[in-house]
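Worksheet: the structure to be examined is printed underneath.
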Amino acid sequence: MTHLSTACIHADDIHNRVTDVAPPINVSTTFRYDNENLVPEVEIENFIETIEQTPVYSRESHPNSLRLQTVLSDILGGHATVYNSGVSAFHALIFHYNPKRFFMDDGYSGVRGIATLYQEKHGLETYKLHQIEEFAEKGDLIHLEVPLNPYGTCRDIAALAKRVHKKGAILSIDSTLAPPPLQDAWDFGADVVMHSATKYLGGHSDLLAGVVVVKTMEQQRKLIRERIFLGTNVGNLESFLLLRSLRTFEMRVLKQSENAAKIVSFLHENKAKYSKVLNEVYHSSLQKEAFVQRQLAGGHGAVFSVTLRSVEQCKKLPAKLVYFQHATSLGGVESLIEWRALSDTKIDPFLVRLSIGCENADDLIQDLDNALQVLQGAAKD
Ligand SMILES: *Cc1c(COP(=O)(O)O)cnc(C)c1O
């Protein structure tokens with residue numbers, strides 16, 4: 001297999017159809033049949049392969065998504081199916097496995113939201129991870145988001161995989177916050193891996209997409225068949241944007257990871273300087289357990305959280321920063337900060353999340369230092 005950065009740029013070369021170096025954007029929803037070679041659909045043996053090679057209708061497949069699927073399959077180490085959002089990807093996943101029971105602790109609210117819909121509409125039983133031993137059975141789905149949003153903290157996939165597989169259940173990992181080369185969930189026992197490609201894979205805060213990765217092509221073909229009927233294929237323009245983003249994926253994510261580790265280390269070491277503002281810093285780089293280094297072998301994720309001393313400070317900090325924009329989401333080249341209470345109903349009201357971009361780390365540190373000092377000066381004893 002080629003290395004990550006090469007695959008990001010060349011894995012889809014096999015699908016070159018024209019001499020353009022940048023692949024053309026094909027916006028068509030429908031494609032002319034070959035009048036010299038007309039085969040009724042009932043007679044087509046490998047339907048998915050056929051429509052990928054000779055597209056018919058873009059809800060089923062289109063040239064830009066085929067290129068994208070090829071690159072994502074290569075860099076995510078399996079067989080990828082691409083969707084129109086990360087939440088769509090998880091919906092496809094739970095629809096595909098159709099479990100009787102679903103186990104999950106904290107995690108993305110939209111993912112939990114889908115599980116709740118299944119509970120309400122289809123009677124899915126939902127449990128916490130500590131109930132696996134008591135209730136899990138063959139075919140049940142156990143879902144872990146790692147690193148965990150908004151904290152950026154790490155949980156042990158291998159230890160969970162053992163407990164899940166003892167029951168014959170399925171382990172899905174949401175690896176959005178640490179895509180390869182940071183974390184490779186396959187190495188620790190994942191059965192299926194998903195990402196919101198809106199985040200690091202996209203990396204420019206300008207597209208929505210999601211991906212489900214499985215180990216066999218046979219299973220991927222089933223997911224693609226289901227996606228045709230769910231109507232959740234990724235769009236043509238988004239495919240082009242995501243493909244373009246992937247060309248620089250490794251550079252971006254490594255830089256973001258390095259920046260985040262530097263900034264977290266600065267804040268952690270200088271906590272005393274901002275004692276009236278900064279309470280706790282949360283990030284995998286501050287965890288001491290041995291599995292953390294093993295699992296985040298390629299580097300830590302670029303999202304972390306801090307808790308401040310007051311809600312007032314949480315409201316003021318974002319406005320005092322020059323380079324961090326006050327907005328939700330994460331993974332883009334631009335650094336963001338968010339008082340999480342604005343978009344999360346269950347979160348600690350003192351928590352502020354930071355998503356580190358590709359700016360210069362020292363500039364970001366200086367920005368944070370200035371803002372925290374201003375708040376420190378204004379704080380009462
Ligand atoms: C954003 C996110 C999702 C959902 O992805 P969308 O592209 O917004 O639908 C799922 N899981 C995690 C961890 C996320 O950060």
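Counting starts at 1 for both ligands and their atoms, following the listed order.
- The aromatic rings of Phe103 and Tyr127 sit parallel, their planes meeting at an angle under 30°, below the 60° perpendicular limit.
- His283 places a side-chain N or O within 3.5 Å of a backbone atom of Gly301 that can act as its donor or acceptor partner.
- Residue contact annotation: Asn149 has no non-hydrogen atom under 4.0 Å from ligand 1.
- Considering backbone and side-chain atoms alike, Val111 places every N or O at 3.5 Å or more from each N or O of ligand 1.
- Considering backbone and side-chain N/O atoms, Ser88 never comes within less than 3.5 Å of an N/O atom of ligand 1.
- No donor-acceptor distance shorter than 3.5 angstrom exists from the side chain of Thr54 to the backbone of Ile51, with no hydrogens or angles considered.
- When only non-hydrogen protein atoms are considered, atom 4 (C) of ligand 1 lies nearest to Tyr108 CE2, 3.4 Å.
- Scanning the protein for heavy atoms near atom 15 (O) of ligand 1, the closest one is Lys199 NZ, 2.7 Å.
- Relative ring orientation between Tyr282 and Tyr151 is described as perpendicular, the plane-to-plane angle rising above 60° on a 0-90° scale split at 30° and 60°.
- In this structure, the protein non-hydrogen atom closest to atom 11 (N) of ligand 1 is Asp174 OD2, 2.7 Å.
- Nearest protein heavy-atom contact of atom 7 (O) of ligand 1 is Thr198 OG1, 2.6 Å.
- Formation of a donor-acceptor pair under 3.5 Å by the Ser257 side chain with backbone atoms of Val253 is not found in this model.
- Considering only non-hydrogen protein atoms, atom 5 (O) of ligand 1 sits nearest to Ser196 OG, 3.0 Å.
- Taking the centre of each ring, Tyr83 and His91 stay at or above the 6.0 Å mark.
- For atom 9 (O) of ligand 1, the nearest non-hydrogen atom of the protein is Val87 N, 2.8 Å.
- Among the atoms of Gly86, some N or O lies under 3.5 angstrom from an N or O of ligand 1.
- Among residues two or more places apart in sequence or in another chain, the salt bridge (charged side-chain N to carboxylate O under 4.0 Å, His left out) test is passed with Asp140 by Arg101.
- Between the Gln376 side chain and the Ser275 main chain, a donor and an acceptor come within less than 3.5 Å of each other.
- Contact atoms of ligand 1 toward Ser85: 7 (O), 9 (O) (distance under 4.0 Å to a heavy atom of the residue).
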